[in-house]
Amino acid sequence: DMAETLLAQARTIGEEEVLRYCEQRRKELVTGDRNAECVDVVRRLAAFLIVSPRDFSLPRLFVSQLYAILSEVEQGPNALRTLCFLALRELVPSRVVHIDSFMPPIERIQIPHLLALLLAQGDRFGLQAKHLTTILGMISASDADLQASAVTFLGALARSHPAALQHEHIVRGSEILARGLRNAALSAASTKAGKVALVEMDGSKCRDFFTVLNIAKTYTSEQAHHMHVFSVVLVWLRLCHARPDPGLSVELKDSLVEYCMRVLDQGMCKLPEDRPVPAADRMLLYAAIAEAVRVLDVLCSIDPTIAPRAGPAIKRVLTRTDLRHHVLFSALRFVLNHSAVAVFDLEAAAAACFGGPMRDKFGDPVVAAETLCFALDNADALRRAGILSKYFPNLLKCIAWSPRTFFGEALELLPALMQPSNNVELFHSILDLPCVSTALEMMASGDMAKMTSGSHMAGAFFNYILRDEGGFGGTIDRLGDLHAAFLPFAGSARTAAAASIVPLLLKSYLARLLESESPDGLQNALQALLERAGKLYSVGSLPADVLELMAEFVLRVVTQHPQIVFNIHRDLLEFLAAVQRNCGEGRETVYCNVLWVVGEYTAAHHDARFTAEVILQAHVALEELIFELNSLLQSPPLPAWLAEVNVAKVLCVLMTALAKLAAGCQDISPRVRVLLAKLVTQYADNPGLDAAARRVVVVRAKNLSNALRQPAVAAAALCAPVPLPPVHVDSASAPGLVRAANLLHV
């Protein structure tokens, strides 16, 4: 295929080859008769410039000739001149392309191309005040094509080069746009077949004045110009709003308010049921309503007195259930921006966008993308209003249905979803994201209806996992039963994809919590972690990945805020007591880290609230734990959960934790020494451990027992040191060496 060959060459061509090509073909361009050969030369050049990832600088004379062919009269066929435009578009901005005027010999039909080049040149390489004066004059001209090109240029200029527009240009432009909105008549266009009917959206006769929602097969030039003007009004208003002196004429402001109110009134009409409404007309309706709301939003930002007048129309938009989501979001943004000036029901507006309607639309990729993008663009306002913390379950449904598609949005949105009131519930929801995916698929396939038809409990499970609003506070007591009920349906690629993003979301969530340095928030998260360590949806590597993050979080949060250990010491001891549930099935790292935390930080020098009585409670709990493990190890075969655990590691950490408690509280030191001595005897030939594991346990027990015989050595070796001034620190001293050796205890 010739086209493919040409494109392949264009992607690999270098600047030297392009310059050589220009030199070889310059004569055809300058002296040729603009025949098919000349067209082929420019076509190849345009392809090189468009496809190549590099920027090229062509000879000045060659570029000047391209511009002459494009702009001047009788320079060749339209195909050649369009190709010259495409080539020049890839070369600008450039000093070589100089658009000085739109007057003859510039051909009028080529002015739209020149306007596009002028916009690309920008104010650095050619955009001048005299051009703007001329272009504003074009909008008032009688040439419809020229008008359309000039209006389009004005809108693009306001968006990409706002600094090029001076105050006088803005004032004049506002006047011209106001006339364009006001001057379109309701008269129907004439064709050879007669006058074309001009009607409202519901098919009734036109009333009031013309807007973009008046439907006809053919429009007059005035009406077409009117629609072009309305298409650039929003960007023009944003330009005015960004200026210290908006330069917005009263005429344009009043015209726009009246116009937008008329559009919203038209949009609220009931569409005919006796005949189908073309899809294009429906899309026009949605686009016009959304644009009118956005225009009113900016107008109210410029002049807040407009908000009460626009309020009723905005409320009517939010009550329509047949509008596309992006229309509702425009109205919600208006409410968020102006609820301080006009009375709005923010809760009802939020419910219309994020509430019940999302229950059935999570699978629509357009609605899901619009919802997440709106949440990201307005995250601060939505967070302050409490909308994100209330409706985050519906946002997570969009992510659970398309986890890979919306992972970036989920990661970016996560900080905005985190608030003190819902952090714990959000933690549970992140862990259960694959479960949400499974439930959504069951709902879509009909399996949910089958499961719930004969089971009230199954219905309760679905109501919880697919809830629309937050505020639950945590999770349900029978979460394990919920996971077990859903697990047979969890083999889909969607559920696996959701499971793959959970560790990344959880890592970001936990890091954000640690950065907040809120002891209460971290304490609540740690308690939720202890609850969930044994209740994870078993899909792929999800449990292992999540437990690794949990184990790290336990250490980091307690190191950052040691006082949390006392605040939740009962929860920690309850977690350790349930050794079968919390240590088996890959959870031993979390379990050992909790053990280490209890031994390390249950001490008066960390928190004065740790009295001898409280330390004794911890000692009793850990001692009972050792007895329980001993009884299991003394009577093989071992339970299945224990056979998978590194028992020697658990025992070593457990004995070290007991020794640490004893070193900080002399009242229990004798009991711990006696216990360690018994362990030396018992584990010398324990049938539940192999020889290497027995040796490790016995050596650790002997070392700890020997250390506890000398309280000063035990305190130095086993207790975390109290910070001293630098002058007292000696890394070569005996206590320093013992502390260094103590790092090997886990």
Side-chain angles (χ1 to χ4, degrees), residues 53 324-326 328-330 332-333 336 350 353-354 357-385 387-419 422-423 425-441 444 465-466 468 470 490 492-516 525 536-537 539-542 544-546 548-550 552-553:
R324 293 299 300 262
H325 247 61
H326 74 273
L328 298 176
F329 284 138
S330 298
L332 177 57
R333 185 184 290 109
L336 288 170
C353 296
F354 292 105
M358 284 300 298
R359 187 182 299 115
D360 303 318
K361 297 181 179 179
F362 60 86
D364 186 327
V366 175
V367 173
E370 289 173 349
T371 302
L372 293 173
C373 288
F374 179 84
L376 283 171
D377 293 342
N378 302 272
D380 290 338
L382 293 171
R383 185 177 64 248
R384 288 194 300 269
I387 294 173
L388 290 181
S389 60
K390 181 173 183 177
Y391 292 105
F392 77 87
N394 272 346
L395 295 175
L396 291 181
K397 286 178 191 174
C398 298
I399 297 164
W401 187 256
S402 306
R404 296 198 188 280
T405 302
F406 295 126
F407 168 66
E409 287 79 0
L411 206 58
E412 190 176 352
L413 187 60
L414 186 60
L417 300 180
M418 296 175 62
Q419 295 203 27
N422 77 323
N423 272 342
E425 186 178 1
L426 180 60
F427 171 76
H428 289 293
S429 296
I430 291 173
L431 294 179
D432 286 331
L433 191 66
C435 199
V436 176
S437 297
T438 303
L440 292 175
E441 288 196 314
I465 207 71
L466 297 180
D468 296 330
S492 70
R494 178 175 282 112
T495 298
S500 70
I501 71 171
V502 166
L504 300 173
L505 292 175
L506 183 62
K507 184 176 182 179
S508 176
Y509 170 87
L510 296 177
R512 184 82 177 183
L513 271 183
L514 289 166
E515 289 173 5
S516 70
L536 297 175
Y537 199 44
V539 178
S541 63
L542 175 65
D545 296 338
V546 167
E548 182 179 352
L549 292 171
M550 287 181 168
E552 180 185 357
F553 181 74

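Nothing here was measured: the structure is a model prediction, and the numbers come from that model.
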Note: F362 and W401 closest approach over all heavy atoms is CE1-CE3, 3.5 Å

S508 (side chain) donor-acceptor with L505 (main chain) under 3.5 angstrom
no

Return the CG to OG distance between L372 and S402, rounded to the nearest 0.5 Å.
9.0 Å

Output, in order, the C-alpha distance, side-chain angles, deciding distance and verdict of side chain to side chain contact (heavy atoms under 4.5 Å, CB included) for N378 and L332.
CA-CA 10 Å; N378 302 272; L332 177 57; over 6 Å; no

Distance from Q419 atom CD to R384 atom CZ, nearest 0.5 Å?
11.0 Å

Taking every heavy atom of R404 against every heavy atom of S500, the minimum-distance pair comes out as NH1-OG, 3.6 Å

Please indicate whether K361 has more than 12 foreign heavy atoms, meaning atoms of other residues, nucleotides or ligands, lying under 6.0 Å from its NZ.
yes

Check the pair D364 / H325 against side chain to side chain contact (heavy atoms under 4.5 Å, CB included), numbers first and verdict last.
CA-CA 11 Å; D364 186 327; H325 247 61; over 6 Å; no

In this structure, which one of L388, N394, L396 forms a side chain to side chain contact (heavy atoms under 4.5 Å, CB included) with F392?
L396

Rounded to the nearest 0.5 angstrom, the OG-NE2 distance for S330 and H326 is 6.5 Å

Nearest atoms (heavy-atom pairs only) where A498 meets P434
CB-CA, 3.8 Å

Looking at every non-hydrogen atom in both residues, tell me the closest pair between A499 and P503 and how far apart they are.
O-CD, 3.2 Å

Say whether, by atom type as modelled, one donor and one acceptor occur between the side chain of E409 and the main chain of L376 under 3.5 angstrom.
no

Just wondering, do T495 and E441 contact through their side chains at under 4.5 Å, heavy atoms?
yes

Any chance you could measure C435, atom SG, to L536, atom CG, to the nearest 0.5 Å?
11.5 Å

On a heavy-atom basis, which atom in C398 and which in M358 lie closest, and how many Å separate them?
SG-CE, 3.3 Å

If you define the side chain from C-beta out and look only at heavy atoms, does anything of I501 sit under 4.5 Å from I399?
yes

Quick one: does M550's side chain get under 4.5 Å of L431's, heavy atoms only?
yes

Surrounding CD of E412 (heavy atoms of other residues, nucleotides or ligands, distance under 6.0 Å), is the total greater than 12?
no

Smallest separation among heavy atoms of I387 and L336, with atom names
CD1-CD2, 4.1 Å

Go through L440 and V436 one step at a time and tell me if the side chain to side chain contact (heavy atoms under 4.5 Å, CB included) criterion holds.
CA-CA 6 Å; L440 292 175; V436 176; 4.0 Å; yes

For the atom pair CZ (F427) and CG (L506), what is the distance rounded to the nearest 0.5 Å?
6.0 Å

Show, in sequence, the C-alpha distance, side-chain angles and deciding distance for V502 and V546, and conclude whether the side chain to side chain contact (heavy atoms under 4.5 Å, CB included) test is met.
CA-CA 8 Å; V502 166; V546 167; 4.2 Å; yes

Could you check whether the rings of F374 and F329 sit parallel, tilted or perpendicular, using 30° and 60° as the cut-offs?
parallel

Report the distance from atom CD1 of I430 to atom CE of M418, rounding to the nearest 0.5 Å.
7.5 Å

Please evaluate residues T438 and Y537 with respect to the criterion side chain to side chain donor-acceptor pair (under 3.5 Å), reporting the C-alpha separation (whole Å), side-chain torsions for both, the decisive distance (0.1 Å), and the verdict.
CA-CA 11 Å; T438 303; Y537 199 44; 3.1 Å; yes

